[in-house]
There are 2 protein chains.
Amino acid sequence: MEYTIKDVAKKANVSIATVSRIVNNQTGFSEKTKRKVLDVIEELGYQPNAVARGLINKRTHTIGVLFPKFSGMLVTEFLSGIEKAANEQGSSVIVCHTESNGEKTMKYLQLLNEKRIDGIIFTSEVLKDEYYQYIKKMKVPMVLLSTESYVYPVPYVKVNDRHAAYTATQYLIQKGHKKIAMISGNKDDIIAGKPRIDGYINAMTDNGLPVNDKYIINSKSFAFQDGVEGLEALMRQAPGVTAVFAASDEIAIGALSKAYQLGIKVPDDLSIIGYDNLSIAEMSAPPLTSVAQPLAEMGEMATKMLFEMMETGQSVESRIMPHQIIERNSV
Amino acid sequence: MEYTIKDVAKKANVSIATVSRIVNNQTGFSEKTKRKVLDVIEELGYQPNAVARGLINKRTHTIGVLFPKFSGMLVTEFLSGIEKAANEQGSSVIVCHTESNGEKTMKYLQLLNEKRIDGIIFTSEVLKDEYYQYIKKMKVPMVLLSTESYVYPVPYVKVNDRHAAYTATQYLIQKGHKKIAMISGNKDDIIAGKPRIDGYINAMTDNGLPVNDKYIINSKSFAFQDGVEGLEALMRQAPGVTAVFAASDEIAIGALSKAYQLGIKVPDDLSIIGYDNLSIAEMSAPPLTSVAQPLAEMGEMATKMLFEMMETGQSVESRIMPHQIIERNSV
DNA sequence: TTGAAAGCGCTAACAG
DNA sequence: CTGTTAGCGCTTTCAA
């Protein structure tokens, strides 16, 4: 398994150039030599060395993906789509876990640069200037997944968070709810936090419903615990609410759990709608109604865009992916 | 960012050999030249080309990880540990999603071989002869994660499934339960299916409790749906049970959900214990008692073992990781 | 302490 | 149709 092109050439009585041509499906050899060479390759079990190829072709057929968090199920869904699309293009994917840590991120970027990867997918986090500048210098294409940059011209794929939040709230309103609260994620999160709050507020005002500050709970993050604390606070400061829009499924499940503890019946006493439609949404009791993002497709799309950029050398258009309410039994 | 060692050498008025020595922390240069070269490197932002290095050093500082499934949360946990340990060693990890598909797996193995990765972690699936033979030919070390081979001498890291299942059942017995059922995963799964059933049976008989065929539900897999169907079947064929040991948390959550639907109160009417202690275990209502595997640590351990094999050229001992009952409120 | 030169495995002109 | 040769960017003898 450690035969080189030389071994093949020698054994087949041809030059290495000929072997190279045949291996790369080029032209310039007779059917006969092709057969002979292919036989030898088969016999030796020769596998071209991608490292050597990468050195000369300046293409490693490898892309890098940066994730701020590894917990949570968003990651696997994204990764699944990314990996699928990459594999279809004959490329591999290197995963990097940045922990939202600037220093770590830069080290990863440097590592990816040394490895001469062909492109980068940057996910779920704001693209800092430092990152952008570095990647720009690397001269490899990049696409943003589930995030976007308001300042740099980098193509992204994500859903429209404001719009999705609007839809969720609107859905609650259509079901007859008027006193609708929101347990938001981090409101300082310019990508996933603020827009969802805005969507909620827009939907309320567009429907002539009052927006009460007491009805909006700002959490630190999008986690389960934020949901349980959020619902508790909500019940204290706004006991009259009949429905809540949670900024993530984890928050929703947390709220569900707290409601159960408090003896509040869902959906009879209180309706809850989540956001993300993770697999846990269908596992909760009652099953959670949620606004779905097509996570795997988003990963796939981002990867395809990346490959298009690699091939054309041009940038591509960003994609807003469709969201969709998945009705289950929590509303 | 595309400067080469030559550029550095020229600008610093030294030979490329000297630059190489300095970059690699070797000896054989004056403090003065070192300073000069380092300055130039800094100025140019020179990054050594890992591809060229890989070609000559025969080490790519990249490992490959094969996962049969990408859904589920086991993956992220494992990956998180693997990625952490690999990163500490200055290596990257390429993820491969085999879908338990033999053909796909072989293609991945081939790809990894062409890329000349330094080692392989093979997870959660039985190591087929074909895979083993190929990897052996690749001459790279491999370790098994959350699986083991009864026929090939490949080091693995996993918990003792039989023992863990025994512990879970024993725990139920200690809590005073006698009529204990099990909703198993796939009983033909020689790694994660059968051993857990055996552990359950052993614990029952060791405690003088009868093992009733009706008390064992064999599912197709370890998924949520298997749990809901499992509990339903169980209630039909063995209504008297007071506790159930589920072969996975997803099954347990499914059972929990069905119980809720059926008006069975957990833990009052029925106790349920899960297996894996995934993050969903603490999100259920009531929170699920579960036997925990240290997933991230297992990934980390497997990776460390892999690196040890790479360094020493020798095989290493397999590791049985400790399991542990996490008490919550479903028992 | 330094440099020249060979070569890792491969591709791509350039000849023939 | 086929072979020779010059690198890709780097490490590593071998001399100086």
Side-chain angles (χ1 to χ4, degrees), chain A residues 1-38 40-41 44-62 90 110-111 113-118 138-139, chain B residues 1-38 40-41 44-62 90 110-111 113-118 138-139:
Chain A
M1 274 260 152
E2 12 188 52
Y3 293 107
T4 73
I5 197 171
K6 251 188 199 158
D7 301 315
V8 176
K10 200 183 301 171
K11 186 141 193 175
N13 286 313
V14 296
S15 72
I16 59 170
T18 300
V19 177
S20 176
R21 286 187 192 105
I22 291 169
V23 167
N24 292 294
N25 289 306
Q26 295 173 345
T27 53
F29 45 79
S30 68
E31 194 54 35
K32 208 174 99 195
T33 37
K34 177 175 176 180
R35 229 168 249 318
K36 188 171 51 179
V37 168
L38 253 24
V40 173
I41 286 177
L44 258 33
Y46 164 73
Q47 303 270 146
N49 183 329
V51 181
R53 280 177 154 179
L55 182 59
I56 190 162
N57 290 332
K58 273 113 179 53
R59 241 194 111 180
T60 51
H61 293 277
T62 308
Q110 195 173 314
L111 190 71
N113 182 41
E114 291 186 3
K115 290 233 162 99
R116 300 299 193 258
I117 48 120
D118 303 329
M138 285 174 69
K139 299 207 171 105
Chain B
M1 266 263 149
E2 12 187 54
Y3 293 106
T4 72
I5 198 171
K6 252 189 200 158
D7 300 315
V8 176
K10 199 182 302 171
K11 188 143 191 173
N13 286 312
V14 296
S15 72
I16 61 171
T18 300
V19 176
S20 176
R21 287 188 192 104
I22 291 170
V23 166
N24 293 295
N25 291 307
Q26 295 173 343
T27 53
F29 44 80
S30 68
E31 194 54 34
K32 210 174 93 191
T33 36
K34 177 175 177 182
R35 230 169 249 315
K36 189 170 51 179
V37 169
L38 252 24
V40 173
I41 286 177
L44 258 34
Y46 165 73
Q47 305 270 145
N49 182 329
V51 181
R53 280 178 153 179
L55 182 59
I56 190 161
N57 292 333
K58 274 112 178 55
R59 240 192 114 180
T60 52
H61 293 278
T62 307
Q110 196 172 315
L111 191 71
N113 182 41
E114 290 186 5
K115 290 232 161 97
R116 301 299 194 259
I117 47 120
D118 303 329
M138 284 173 70
K139 300 208 171 104

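Every heavy atom of this structure was used, including side-chain atoms; hydrogens, water molecules and symmetry mates were not. Below, read A as the first sequence line, B as the second, and so on, with proteins coming before strands; counting in each chain starts at 1. Owing to the predicted nature of the structure, the values given are computational and were not obtained by experimental measurement.
- Interface residues of residues 31-38 of chain A facing DNA chain D, ordered by number: Thr33(A); criterion, heavy-atom separation under 4.0 Å.
- Val19(B) has its side chain out of reach of Ile22(B): every pair of non-hydrogen atoms, C-beta onward, lies at least 4.5 Å apart.
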For residues 8-16 of chain B, dump all side-chain donor-acceptor pairs below 3.5 Å to protein atoms at least two apart in sequence or in another chain.
{"unit_1": "Lys11(B)", "atom_1": "NZ", "unit_2": "Glu43(B)", "atom_2": "OE2", "d": "3.1"}
{"unit_1": "Ser15(B)", "atom_1": "OG", "unit_2": "Ala17(B)", "atom_2": "N", "d": "3.4"}
{"unit_1": "Ser15(B)", "atom_1": "OG", "unit_2": "Thr18(B)", "atom_2": "N", "d": "3.4"}
{"unit_1": "Ser15(B)", "atom_1": "OG", "unit_2": "Thr18(B)", "atom_2": "OG1", "d": "3.3"}

What one-letter contact string describes nucleotides 11-16 of chain D from 5' to 3', where B marks a base within less than 4.0 Å of any protein heavy atom, S marks contact via sugar-phosphate atoms alone, and - marks no contact? BBB---

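- When the P atom of dA4(C) is taken as reference, atom NZ of Lys6(B) falls 13 Å away, rounded to whole Å.
- Counting heavy atoms from C-beta on, the side chains of Thr60(B) and Lys115(B) never come closer than 4.5 Å.
- Put simply, Ser15(B) has a side-chain N or O that comes within less than 4.0 Å of OP1 or OP2 on dG3(C).
- Shortest non-hydrogen contact noted between Asn24(B) and Ser20(B) is ND2-O, 2.8 Å.
- Note on residues 12-31 of chain A: pairs passing salt bridge (Lys or Arg N to Asp or Glu O under 4.0 Å), not counting sequence neighbours, are Glu31(A)-Arg35(A).
- What separates CG of Asn49(A) from C1' of dC10(D) is a distance of 14 Å, to the nearest Å.
- Atom NZ of residue Lys139(B) and atom CG of residue Asn113(B) lie 10.5 Å apart, to the nearest 0.5 angstrom.
- As a whole-Å value, the separation of Phe29(A) CZ from dT11(C) C1' is 15 Å.
- You'll find the side chain of Lys36(A) reaches within 4.5 Å of the side chain of Thr33(A), heavy atoms only.
- One can place CG of Asn25(A) at 13 Å from P of dA12(C), the figure rounded to the nearest angstrom.
- Protein atom CD1 of Ile22(A) is 8 Å distant from nucleotide atom P of dT2(D), rounded to whole Å.
- At the heavy-atom level, Asn13(A) lies under 4.0 Å from the strands shown only through sugar-phosphate atoms.
- Among the protein residues, Val51(B) comes within range of no part of the nucleic acid, since none of its heavy atoms lies under 4.0 Å from any strand.
- OP1 and OP2 of dT11(C) both lie 4.0 Å or more from every side-chain N or O belonging to Lys58(A).
- Here salt bridge (Lys or Arg N to Asp or Glu O under 4.0 Å) pairs that include residues 44-54 of chain A, with residues two or more places apart or in two chains, number zero.
- Annotation: side chain of Ile5(B) is in contact with side chain of Tyr46(B) (closest heavy-atom distance under 4.5 Å).
- Between the axis at the start and the axis at the end of the helix from dT1(C)-dA16(D) to dG16(C)-dC1(D) there is an angle of 40°, using five pairs per end and rounding to 10 degrees.
- Closest-nucleotide positions on DNA chain C for Ala52(B) and Thr18(B) were compared, and the one nearer the 5' end corresponds to Thr18(B).
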